[in-house]
Each structure stands twice: as structure tokens, then as C-alpha cells.
Amino acid sequence: MENLSMLAQKVLSMLEKNQTKWAEWTQLKDLYPVSESDAVKGFVDIIKQAKKDQDKVIVAGDYDCDGIMATTIMVRGLRKFGIECGFYIPNRIREGYGLNVDTVRLAHQRGYKIIVTVDNGVKASKALSLAKELGMKVIVTDHHTIEEDVDCELLVHPTVMEEQFHTLCGAGVAYECIRALRTDTEYELELACVASIGDVMQVTNQTRAIIQNGLKVLNREKENHLFAFASDRILNETSVGFQIVPKLNAVGRLSNLGNVNNVVRYFLSEDLKEITSMQAQIDHINDLRKKMSEQMCKDALKKCHTSQPILFVNDASFHEGIIGLVAGSLSSSYQKPVIVMTNNEQGFKASMRAPDGFDCMEFLKDFSGFQEIGGHKQAAGFSIDLQDLDEFVKYIRQKIQVYSWQAKPLDTLLVNEEDISIASIESLDVMRPFGPGFVCPLFELNDVQIKSVFDIQNGKHRKFTLQSGLQCMNFNQSDLDRDKSVISIAGFIGNVQINQYRGKKQATFIIEKIKYK
């Protein structure tokens, strides 16, 4: 541990009090051996029999990054094993999430004998029942919370695997399945790594090993399908999460502008010309997503009263694939629960986001008019009938008056400006990946001496240069920060990173919150 910088030692001391366990967080983990669980063994048995019987298999996926990667991993693994294998991911807007009866019926008509779900399936009771009626076998591979009996031929889920696999995402489960078939390559490891980062999984046990080893291969091989979407030349979990994952999610979000199944075809393709063409299409859709998100955020701000304890916006022009991003942006800016809603002739679709300390599902649980609802503490998605809007608005306005919650205080680590250097930031890499279960704390700088201030993009961003020379960036600054006097600033809370411009590295403090006197 003598090679760790003072900054890295402070971080590790905060995250792991027991110094005898420090080596566990600072060493590259080997992948655990293939699961010996009955579920994974059962998967191998069914697929071997399918190969013997020449049964066609269809992989039913999900439209987010995890689902795309899980679909690609499973299809590649099954085809390499000798299975005739197709795939389908539903249209987010027209069909919604998960395996549905129409997909089952069409798959049956086309001669598929086996359905393998990836990153979904545990809530697909109607589709599973139909498949059973039609004589089809369904293998459900999923990682979402099981809330009801899953009536299928076989369930492969982290909870029925050994403890070291309990943190796997959907693509992680798919990866373990094809590892058991012995058809995995480093490429599938890279895909599972990106999916684990994208789905913000606990960075412990096998998930930690997948991310660490996946990033190692990704940085070594510069794999074209993935690296083409990154601006950094050396990737860690942060750069993957901000540079690659949003582009893959964009196609699923804007399902009226692109077919997410083509993203799977992109990852399956080995034709360089086709890969290059599809990269440009994915980048284009992501650019549209960013422009739409930015405009919708501006429009949402005009429609809500930010002084209210809960922010509510309803706009029929909003794209339902992006309302969650808008709700998240507003919630982050104002540290309040936010509901953003849009509608069509079928009803209202809504996304809710809230700060740490607020429980969205607990807050919403007593409203009886939901057509559908799902989510967790900080995020929820739901739909209601057109005639129930007024009743819902009345419910949230009344509920917020009696609902008691308290924002969770920021967990910060007090540091000095001299702690922050290129070497000290690079020293943090030995502990990566950071994430749930091993979260890098926010750093707190007090009594900052500001030398100069420079606004970027007409005040959208602001750069502070301190007397020590340290540059501090406030991206997408709020109106409050923009209007406050610089002399009232007492300190910054944020994280650190290394920026590179024209071959020159620079240590930078990324501001999450400004403290005022």
C-alpha cells in the first residue's frame, strides 16, 4: 500500500475500515469458476437437447444497454454452440417492456420451440402461460426482483446461483450461461462488463471481476464495436458509463426513430463497412436524444413551480422515451421529487425521480388507478388512464403534504487542493471499479481562493481557476449558481478526473455542489 497516494489512502480508509481487507479492493480479481448451480446445469442440459433435436431457439431481450448486451451474448453463444437462433427486442413505445403474448405467438408460428428471455421474464406471466399452452419451452434468465411465481421450464436467476453471482445484471447472467456452454470469448466478457456498468450493479464478487477483466481487455484490444463510441483512449467505469452506455440506450429510448434490434445486429456484425455505417446511425440518434432532452428540460422548467415540494410536469409533446431523463435532471438540480408525464390516446405515461432519502414506490403505493407501475426508491415508471389525471394530481399534492422524508446527507471526504494532482488521481485507479457497494466519496474543498472565472457556452458551464492553479468545472450550472456572487462561495463538493487536451494532462475538480457563505 506504500504506492498509494495520500488521496487514495484517504479514500480507501473511508471505504474499508479494516486494513487487512485493503488488498481485496486493490487487486485484479480472477473470474470465479463457472456456476455449479442446478439452474446453470439445467440450462446446459436443455440447450444440448435442443441441439440434438435441432430445435430453433429465439432470444427475447430488453431495449436498454443491459438487455442489448445480454441478447448479443446469448445469441452469439447459442449460435457458436450450433443452435439455430433468432432474437427479438420489443419496441419500447408500441409494445412496452418484456416478453409479451404477441412475440410468443409469432415465434410459435415461425417454428421456434424454445424461448430464452434475457434481462426480463420474471414478470411475463401472460406470455409464459401462452407459451406453455402452445407447447413451447421457456428458459427465463433475468436478474430483476421476483414478485410472483415464474411459470417456466427453467429459471436462471442470481438468487438461484451461488452467492458470488448474486450481483449479476441480465448480461452477466447470460454470460455465465454461455460460459457453461464453453462458447464464451473475450468479446462477451467486454459486453458483460459494459452492461454491468450501464445497469449500475453492485461492484462486488463476480460483477467486480467481470468489470475489472472486461475493462482490461477493452483497453488492450480497443474493440471497435465499443471503442468507436468513446472519446477517451483509456476507459474506466466512469468513461464507459458516460460515453458508451447512453448511446446504446438512446436507440431503445427513441424507438420511433430507430430499431433497437439493429443495435444487436451491429454487435453481431463482423462486416467493417456495415459496422461503420451503423455506428454513425447510433451516434446520430444519440445526438437527437441529447437535443430533445435539453429542449424538454427547458420546457419542463417553464411548466413547473420549482418552489413546490414536488415538481409535476405534464406535456403531450414530450417523448415518453426521454421523460425519465428530464425527471432525473430536474430532481438532481432541485433536490426534490419530480414527476414528468406525457400522453397519447391510450393514456398517460410518467417517470418519477427523487433524491436519495425519498422512496418513490412508497410514495405512490396508495394510488389505486395505475395501469402499470414499476421501479424502486429513487426511480419509478407508471401509466394511468386519461380520466384519472385529476385524481392523480390531487393524490400527489395531498400526499406530499403528509409524506415525511429527509434528503440523505452527502457523504464527503475533506481534502486539500494539494491532495489533487495527476498522480494522486491516477492512484485511485488501483481501487476501480467504484460503484454501488464501493462508492467513491465526493470530495470537499473548503475555503477556496478563486483566481478567475470563465463562462463557457453563454454561461451553461463555468470554470473556476483557484490560486493554486487547480481548475474546477461546474457543468450545466443551475440558475442559482449562475446568479450568485463569486465572493459568496465558501467551497466545492465534487469529484476529480484527469482531462487531456492536445496530449497534455490536467487534474480537474468536477463540481457537484457549491457551498456558499
Side-chain angles (χ1 to χ4, degrees), residues 62 64 66 92 96-100 119-128 142-151 157-159 169-170 199-202 300 304-306 308-315 318 320-332 334-344 346-409 436:
D62 183 27
D64 68 356
D66 187 19
R92 179 180 187 138
Y97 167 79
L99 182 68
N100 61 61
D119 194 35
N120 76 97
V122 297
K123 293 184 178 180
S125 55
K126 291 182 180 179
L128 295 178
D142 199 355
H143 74 115
H144 293 98
T145 303
I146 299 173
E147 299 174 345
E148 56 191 41
D149 289 338
V150 185
D151 188 12
H157 190 278
T159 58
C169 64
D199 233 38
V200 200
M201 303 306 298
Q202 289 265 333
C304 66
H305 301 287
T306 56
Q308 293 289 326
I310 183 169
L311 308 188
F312 174 76
V313 182
N314 174 34
D315 191 321
F318 282 1
E320 70 174 73
I322 298 180
I323 54 177
L325 299 179
V326 176
S329 177
L330 293 180
S331 179
S332 177
Y334 292 93
Q335 287 299 296
K336 293 180 178 182
V338 177
I339 296 173
V340 179
M341 185 177 281
T342 188
N343 68 281
N344 53 34
Q346 280 80 45
F348 292 93
K349 294 284 183 73
S351 282
M352 183 175 187
R353 300 291 185 271
D356 201 358
F358 190 98
D359 190 330
C360 292
M361 296 300 287
E362 175 72 21
F363 178 80
L364 296 169
K365 71 175 185 179
D366 295 322
F367 183 71
S368 59
F370 293 119
Q371 293 177 331
E372 291 181 302
I373 183 170
H376 50 82
K377 287 184 177 182
Q378 266 69 69
F382 54 90
S383 58
I384 61 174
D385 287 327
L386 292 170
Q387 67 270 18
D388 290 335
L389 177 63
D390 290 343
E391 192 64 30
F392 176 72
V393 174
K394 179 181 177 183
Y395 170 85
I396 63 171
R397 296 301 184 204
Q398 291 179 347
K399 184 69 176 278
I400 198 66
Q401 298 301 323
V402 297
Y403 185 78
S404 177
W405 71 284
Q406 191 170 13
K408 189 175 179 181

By side chain to side chain contact (heavy atoms under 4.5 Å, CB included), D366 pairs with (sequence neighbours left out) Y395, K399
Here the gap from L311 atom CG to R353 atom CZ, rounded to the nearest 0.5 Å, amounts to 14.0 Å
Hits for side chain to side chain contact (heavy atoms under 4.5 Å, CB included) against Q335, two or more places apart or cross-chain, chain-then-number order -> P355
Looking only at heavy atoms, the pair that brings C304 and V313 closest together is CB-CG2, 3.7 Å
For the pair R397 (side chain) and I310 (backbone), establish whether a donor and an acceptor sit closer than 3.5 Å, ignoring hydrogens and angles. yes
Among residues at least two apart in sequence or on other chains, which ones pass side chain to side chain contact (heavy atoms under 4.5 Å, CB included) with T159? I146, H157
Any donor and acceptor pair, going by atom type alone, linking the side chain of D66 with main-chain N or O of G170 inside 3.5 Å? yes
Any non-hydrogen side-chain atom of M341 less than 4.5 Å from a side-chain atom of I384? yes
Quick check for you: to the nearest 0.5 Å, what is the distance between I396 atom CD1 and I339 atom CD1? 4.0 Å
According to ring pair (Phe, Tyr, Trp, His ring centres under 6.0 Å), who are the partners of F392, at least two apart in sequence or on a separate chain? F367, F382
For a quick test of reading the model, state the closest non-hydrogen atom pair linking C360 to A379 and the distance between them. SG-N, 3.9 Å
Tell me, yes or no, whether the heavy-atom count around Q371 atom CD, taken from other residues, nucleotides or ligands under 6.0 Å, exceeds 12. yes
Checking L364, V338, I323 against M352 for side-chain contact (heavy atoms from CB on, under 4.5 Å), the one that qualifies is L364
Under 3.5 Å, which donor-acceptor pairs link side chains of residues 119-126 to any protein atom two or more places apart or in another chain?
{"from": "D119", "atom 1": "OD1", "to": "H143", "atom 2": "NE2", "distance (Å)": "3.2"}
{"from": "D119", "atom 1": "OD2", "to": "G67", "atom 2": "N", "distance (Å)": "3.3"}
{"from": "N120", "atom 1": "OD1", "to": "L99", "atom 2": "N", "distance (Å)": "3.1"}
{"from": "N120", "atom 1": "ND2", "to": "A60", "atom 2": "O", "distance (Å)": "3.1"}
{"from": "N120", "atom 1": "ND2", "to": "V118", "atom 2": "O", "distance (Å)": "2.8"}

Salt bridge (charged side-chain N to carboxylate O under 4.0 Å, His left out) partners of K394, counting only residues at least two apart: none
To the nearest 0.5 Å, tell me how far S331 OG sits from Q378 CD. 8.5 Å
Could you tell me whether a side-chain N or O of D199 sits under 3.5 Å from a main-chain N or O of M201, the two making a donor and an acceptor? no
Please identify each residue that fulfils side chain to side chain contact (heavy atoms under 4.5 Å, CB included) with N100, with sequence neighbours left out. P90, E95, D102, T103
Do the side chains of E320 and N344 get nearer than 4.5 Å, heavy atoms only? yes
Is there a side-chain contact between P309 and Q401 (heavy atoms, below 4.5 Å)? yes
Within 6.0 angstrom of Q406 CD, more than 12 heavy atoms from elsewhere: no
For D151, check salt bridge (charged side-chain N to carboxylate O under 4.0 Å, His left out) against everything at least two apart and list the hits. K132
Identify, with sequence neighbours excluded, every residue that meets salt bridge (charged side-chain N to carboxylate O under 4.0 Å, His left out) alongside D315. K303
Would you name the heavy atoms of A327 and S351 that are closest together and state the gap between them? CB-O, 3.9 Å
Output all residues satisfying ring pair (Phe, Tyr, Trp, His ring centres under 6.0 Å) with F358, sequence neighbours left out; order by chain, then residue number. F363, Y403, W405
Whether the side chain of D142 engages the backbone of H144 through a donor-acceptor N/O pair (distance < 3.5 Å, no angle test) should be reported. yes
Quick one: are M361 and I373 in side-chain contact, heavy atoms under 4.5 Å? yes
Could you go through D356 and K377, starting from their C-alpha distance and side-chain angles, then the distance that decides it, and tell me whether this counts as side chain to side chain contact (heavy atoms under 4.5 Å, CB included)? CA-CA 8 Å; D356 201 358; K377 287 184 177 182; over 6 Å; no
Sequence-distant partners of F318, ring pair (Phe, Tyr, Trp, His ring centres under 6.0 Å), two or more places apart: none
With sequence neighbours excluded, tell me which residues meet salt bridge (charged side-chain N to carboxylate O under 4.0 Å, His left out) with E362. K365
Can you tell me if S383 uses its side chain to pair, donor with acceptor, with the backbone of F348 under 3.5 Å? no
